[in-house]
Structures are given as C-alpha cells and as structure tokens.
There are 2 protein chains.
Amino acid sequence: MIELRHLRYFLAVAEEGHVTRAAERLGIQQPPLSQQIRALEREVGESLFRRLPRGVELTDAGRTLLEKVRLILRDVDLAVDAARRTARGEQGRLAIGFTGSAAFHPLVSSVVRASRQASPDVALTLEEGGTSDLIEALRAGRLDAAFVRAPVDGATGLVVEPILIEDMVAALPEQHRLAGGTGRIRLADLSEEAFILYRRPSGPGLYDGIIAACRAAGFSPRVSQEAPRTVSTLSLVAAGLGVSIVPESMARLETNGIAYARLDDAPGLGAPLHLAYREARPGGALGRFIARVRESRGD
Amino acid sequence: MIELRHLRYFLAVAEEGHVTRAAERLGIQQPPLSQQIRALEREVGESLFRRLPRGVELTDAGRTLLEKVRLILRDVDLAVDAARRTARGEQGRLAIGFTGSAAFHPLVSSVVRASRQASPDVALTLEEGGTSDLIEALRAGRLDAAFVRAPVDGATGLVVEPILIEDMVAALPEQHRLAGGTGRIRLADLSEEAFILYRRPSGPGLYDGIIAACRAAGFSPRVSQEAPRTVSTLSLVAAGLGVSIVPESMARLETNGIAYARLDDAPGLGAPLHLAYREARPGGALGRFIARVRESRGD
DNA sequence: CGATCATCAGACGTTTCAGATATGGATCAT
DNA sequence: ATGATCCATATCTGAAACGTCTGATGATCG
C-alpha cells in the first residue's frame, strides 16, 4: 500500500537526483531510502528512476508521477490547514435565526456584522421566523443558533442562554393624548386603551409578560387585535387602532406616526433575549459566534 | 507525520459513522482503528469526530477534511495510473527527428501517423534537420529518436538500428535523352552527365555511396553542384542543371519536370534508413514507437 | 428500574516493517 | 591500478501498528 512516506521520499530523490543526498535531506540513511523507493516502484509496477553511475534520473513515468506528487503533498497540507481553520471557526457555514422582534436589536445586527467581517470565509445565512419555527429548525439542524425572546417551553435538549433583558416601551399613535409629554407614562394610564399585541403561538413569552404586568398595575388589558408579526403591530398602532407594548429596541423603527413612551411602573416587565443552540460546548464558527455574542452583552 | 493510512481510515470511519463497522470494512480490529483516528486528530490538532453513544459523527473540521481527503485519495490513484500509462507509452512526450530525405519515405510517415492515432495522449513533435544536427540533438536530449540515412560516424553511445535499405533511382530532367524510355537505365549511361548531389557534411553517407557506385560502374562522376538539402537537388534537376541519384521514396515528390529511372547496374547502391536513439532498452512512448517502426519494416 | 446489548477507549503482548549498520559491486577519476 | 563515489544487498534493531482482552458508558427492553 502506497503511503505518503513513499511520495515524500520520492520527491526528495527526484529533486536531488541523488539517493544519498536525498537521504541526508530527509534525515535517514541511504539504504532504507533505496528500499522505500524500490517499494514504491513495486507498488506502481514501473521503474521510476534510471540508476546512473553518478546519481539517479527520472524515467518518463517518474516525471509524470513527480508532477502529481507535488500537488498531492501540497493538497494534504492544505486539507489539514483547512480543517484547522474550520475548527477555529474561520471557515464554514453558520445559519442563524432570529424572531422578528430580535432583528432590530443593535446587539444582533452588530454581532452579525462583526462576525461577517472577522470571518469572511464563514458563509453566514440569516433566517427570520417565529420562535417555535426557529426552535424546530434548530432541532432539525437547519439552524445553528437562534435569537429568541422568552424562555422557550419545548426547548429540552437545547441550550438556551440568556443574553440580556431590555425594557419594554409603550407605542402610541402620534395623536394620542399621552403622546408628546415627558416621554414617560405609567402603565396604569393605559388601562382603558385598546391593546394590539402579537399573536400568541408565534411568541408565547412576551404576550404573557405584558398581560401579567397589566394585572400587576391593576387592570386587565382589552386586547382589540392580534397581529401576526411584531412589526405589524406597529403599523396598526400608527393607523390609530390602539396602543402596544414593544421591546425598546423596536423604537428605532417605524417612527412615522408613532410615539414611544417609557413605562415608569412596570419593573418586572422586560423583553428577554436568548440565544439558543444545540450542543453544550460548540466549537468552530458557532463557538466563535457565541463568544462574540457574550462579549457584546456587556455593551 | 500524517500518512495515507490515516486518511484511508478516516474516510472509512467518516463514511460508516461507526468505528467498529469501519474496522470491519478495513479488515482490521476496532481498537487500532480508534488509535489511528486519535493519532490523526493529534496531528491535525483538532478533534475530527464527536463520540456518540451510537457511533461517531463528524465535527465541522472533520467535514471539511473529509471533502479534501476524498480528492486526495482519488488523486493518488490517478497519479499512479498516469505514471503507469506513461511507462506503457500511452502518455508523454516524444520528439522524433528525421533527415530531409527520410521525410518522404512511406514508413516514416505511416509510423508517425499510426503512433499519433494509437496514443493520442503522447505529444509527438517532429523535427527535420541534417544528420549531424540530429545526432547532436539526440545526444543533448532534445530528441528521443531520429531517422537518419547512412551509418553515422560520431554515434558512439547511441543505438543506431538499421531499418531498411531502399533502392536509389536516377532523377533526370524531363527533356533528357534518357528520360521517357523503359524507365530503366544503366548507371554507366550517366558517365558523361553533370551530377547534382547533396552537400557532404549534412549527409556524409549517401554521397560516398554514390561516388563508390559510379566508380564500380567504371567512371568518376563529375559533380557540377552540391545542394544544401536533398529536396533542393530535385529542384536543380527539374531546372535542367544536371542529373542526380536519390532514394526511391523521393520519386513521389517533385514530379513536375523530373523523370525517374531505375538503375540496373548498381547492386551495391542503396539508401539505408536507420533509427537512432539514446538508450539501449527504451521503454514508454519511445519503446512503443520503436516497436512500431520494427513492425512496419516488414511491409 | 435493573439487565442486557452495543460501542468506544485503554492495557498489554505480538508481529511487522521502517530504519540503522556493515558490506559488496560498479563506475569514474586520478 | 587505486581510491572515491554511489547504489544495492544482507542482517539486525526498535518503534509502532495490529490483535486480544477488558473496562466504562450510555441506550434499549422487558
């Protein structure tokens, strides 16, 4: 069976044109080198060198082999390097998912941008979807990690790492009586308003949190409408159909026709951001990505 | 040091997803296979498999390596095959030289054509030149074999193999008094003619043979002109400047204005064709070429 | 929930083979 | 002729690749 050793020795002898010198270069003695060359010739079934009184000389077959052997030995090194780079996460594929409400958080976009820049050889694909869809995609291996909001129920076997908790703000129509003030209102002020919230199944966590906070503030919110996606709720608010409570990071979007107001009396109300992934100790591109998320958490 | 063994084992385990099954497929036991995989991982510096309760699974680094390893193992086989094909002469380079007078012999052209057809992967280059030039090129390695005419003097160290001896014919101007008869004349009939022969240094053999044959026929030829190349002599004959003696195979060329006549009284006069080459026992493309020449000799 | 099965890793003995040393034989230069 | 150079052959040694046995671990099933 041909081994790389044979090819390495062959290359040395071919380049030196000299068994003894090649042996020195390889750090072995001449006889074993002669043996290995002979073994290679036996494997190939053809003589690769012409033995001359002064050194050796490639035959036609040897010349043909030499060209290919150079490439093969180079390819072996390249393959190992590529594997190492992949392990270090400088190369590979990375599929990241996020819920609609997480898409606008500066941490998410900045981490994605920084990752793409730091590891240009990592093919980074992004996918938006409902939390339950993301969890399923994660479990099926279609995603490597996903930014989700509330603690996920069916997440057994997945690692769900809390990243941060951002405040929730009230989104009001611009013409609303509470808009345009100090920018700070009390949740209780909204007790009589029509609420527009995202539909339950796609994001169970935030919905429940908002209801609970209202209860704590002394009223049960009247939910007039449920929108399929977080962004849609803002459109409905802008249209004047009601008010909503959204994560702070969404305040930077859809400002036309919407006024945002901080909530003073809702201490327990927050929008958590989690990163979910499959393996306990991910390495490679995913590991680097997660590490980068953790670093950004401090900002 | 990484060996092909490691890569072959790695491929088997990766494809089976199972150390024990891979070991069976490889015809070895499981523990040594585990060891070799571990050794490969140590060489690469990264873990290539994730050990599961049921089999093993490639890591990202392993997946990257797998793709390359497949190509490498295939390339090794291809390289060996290519070397074998080169040795058998189905591939490679072949530089053949020939003197101007040999270029028109049907054996030369048919062998070249047949070789090109039978071994399309052999790059066959042809070069015309004077005999001494060819010998020098042969010795310098610029040519692999050369068709030459007469026994070469400075051919020590070269193999000069006689291929055939063809008759010489007289080339006469069309209007010549001897032309247009039976097509057979006697050499002695030309005793008063002006002779046009090729210059000596480029082809020493034929010149001497002609002079000797004339002497044997009872006269010493009057050489009126010497042409630098064999083909040129025919042009001069066609122009009516004299007669010449040329190898029979040249009679198929330059027939405008030239009449050829066989010689009845020149038994010893012939144009030998030799094939010269460097090595005593050439193999590969050259070996096949020489064998083909020998076969064609019978025709 | 314990027993069994499957799978991988580790320890140890054996064998194989790459490599070292010594020697022989051929060619070339002095 | 003689020494130098270089490759081939013969024999020996040591490392490592392989085999067998065993242990550990997690999954499956009654």
Side-chain angles (χ1 to χ4, degrees), chain A residues 1-44 46-59 61-62 66 69 73 139 156-157 278-281, chain B residues 1-44 46-59 61-62 73 76 139 156-158 278-281:
Chain A
M1 191 102 306
I2 295 180
E3 291 295 341
L4 286 181
R5 176 183 28 151
H6 296 120
L7 304 187
R8 286 190 261 259
Y9 289 3
F10 169 74
L11 180 65
V13 174
E15 283 182 350
E16 296 288 341
H18 212 279
V19 178
T20 309
R21 268 205 298 279
E24 285 174 21
R25 187 173 118 185
L26 292 167
I28 64 173
Q29 295 305 109
Q30 167 264 317
L33 180 54
S34 288
Q35 283 180 6
Q36 293 301 310
I37 294 296
R38 202 158 267 285
L40 177 60
E41 288 179 322
R42 197 179 51 240
E43 285 286 345
V44 174
E46 303 290 344
S47 86
L48 302 171
F49 292 99
R50 208 169 293 117
R51 275 71 173 176
L52 305 178
R54 207 58 121 189
V56 297
E57 176 183 278
L58 283 169
T59 61
L66 176 61
V69 162
L73 292 177
R139 212 185 287 283
T156 49
R278 229 171 303 121
E279 310 158 37
R281 253 191 42 72
Chain B
M1 190 101 309
I2 296 181
E3 290 295 339
L4 286 180
R5 171 170 29 84
H6 296 119
L7 303 187
R8 285 189 263 258
Y9 289 2
F10 169 75
L11 180 65
V13 174
E15 283 182 351
E16 296 288 340
H18 215 278
V19 178
T20 308
R21 268 206 297 278
E24 285 174 19
R25 187 173 117 185
L26 292 168
I28 64 174
Q29 295 307 109
Q30 168 264 317
L33 180 54
S34 289
Q35 284 180 6
Q36 293 300 309
I37 294 296
R38 203 157 267 287
L40 177 61
E41 288 179 321
R42 197 179 52 239
E43 285 285 345
V44 174
E46 303 291 344
S47 87
L48 303 171
F49 292 99
R50 207 170 292 117
R51 274 71 174 176
L52 307 176
R54 202 59 117 196
V56 295
E57 176 182 277
L58 282 170
T59 61
L73 292 177
V76 170
R139 212 184 286 282
T156 50
L158 295 179
R278 231 170 302 120
E279 310 157 40
R281 253 190 44 71

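In this structure, the separation between CZ on R42(B) and OG on S47(B) is 14.0 Å, given to the nearest 0.5 Å. Taken from CD in E16(A) to CG in L33(A), the straight-line distance is 10.5 Å, to the nearest 0.5 Å. Taking CD from Q36(B) and CG from L26(B), the interatomic distance works out to 11.0 Å, rounded to the nearest 0.5 Å.
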Atom pairs under 3.5 Å: protein N/O with N/O of nucleotides 19-24 of chain D:
from    : atom 1 : to     : atom 2 : distance (Å)
dG19(D) : OP2    : Q29(B) : N      : 2.6

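A salt bridge links R8(B) with E3(A): the closest approach of a Lys/Arg side-chain nitrogen to an acidic carboxylate oxygen falls below 4.0 angstrom.
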Check your understanding: Nucleotide by nucleotide, 5' to 3', does protein get under 4.0 Å of the base (B), only the sugar-phosphate (S), or neither (-) in nucleotides 25-30 of chain D, counting heavy atoms?
Key -> -SSS--

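Closest-nucleotide positions on DNA chain D for R21(A) and H6(B) were compared, and the one nearer the 5' end corresponds to R21(A).
F49(B) comes within contact range of no nucleotide atom at all, as no heavy-atom separation falls under 4.0 Å.
Between the side chain of E57(A) and the backbone N or O of R50(A), no donor-acceptor pair lies under 3.5 Å. E43(B) places a side-chain N or O within donor-acceptor distance of the main-chain N or O of M1(B), the cut-off being under 3.5 Å.
Here S34(B) does not reach the OP1 or OP2 of dC8(C): none of its side-chain N or O atoms lies under 4.0 Å away. The shortest distance between the side-chain N/O atoms of R51(B) and the OP1/OP2 oxygens of dA9(C) is below 4.0 Å.
One can place OH of Y9(B) at 15 Å from P of dA16(D), the figure rounded to the nearest angstrom.
Residues meeting the side chain to side chain donor-acceptor pair (under 3.5 Å) test with Q35(A), sequence neighbours left out: none.
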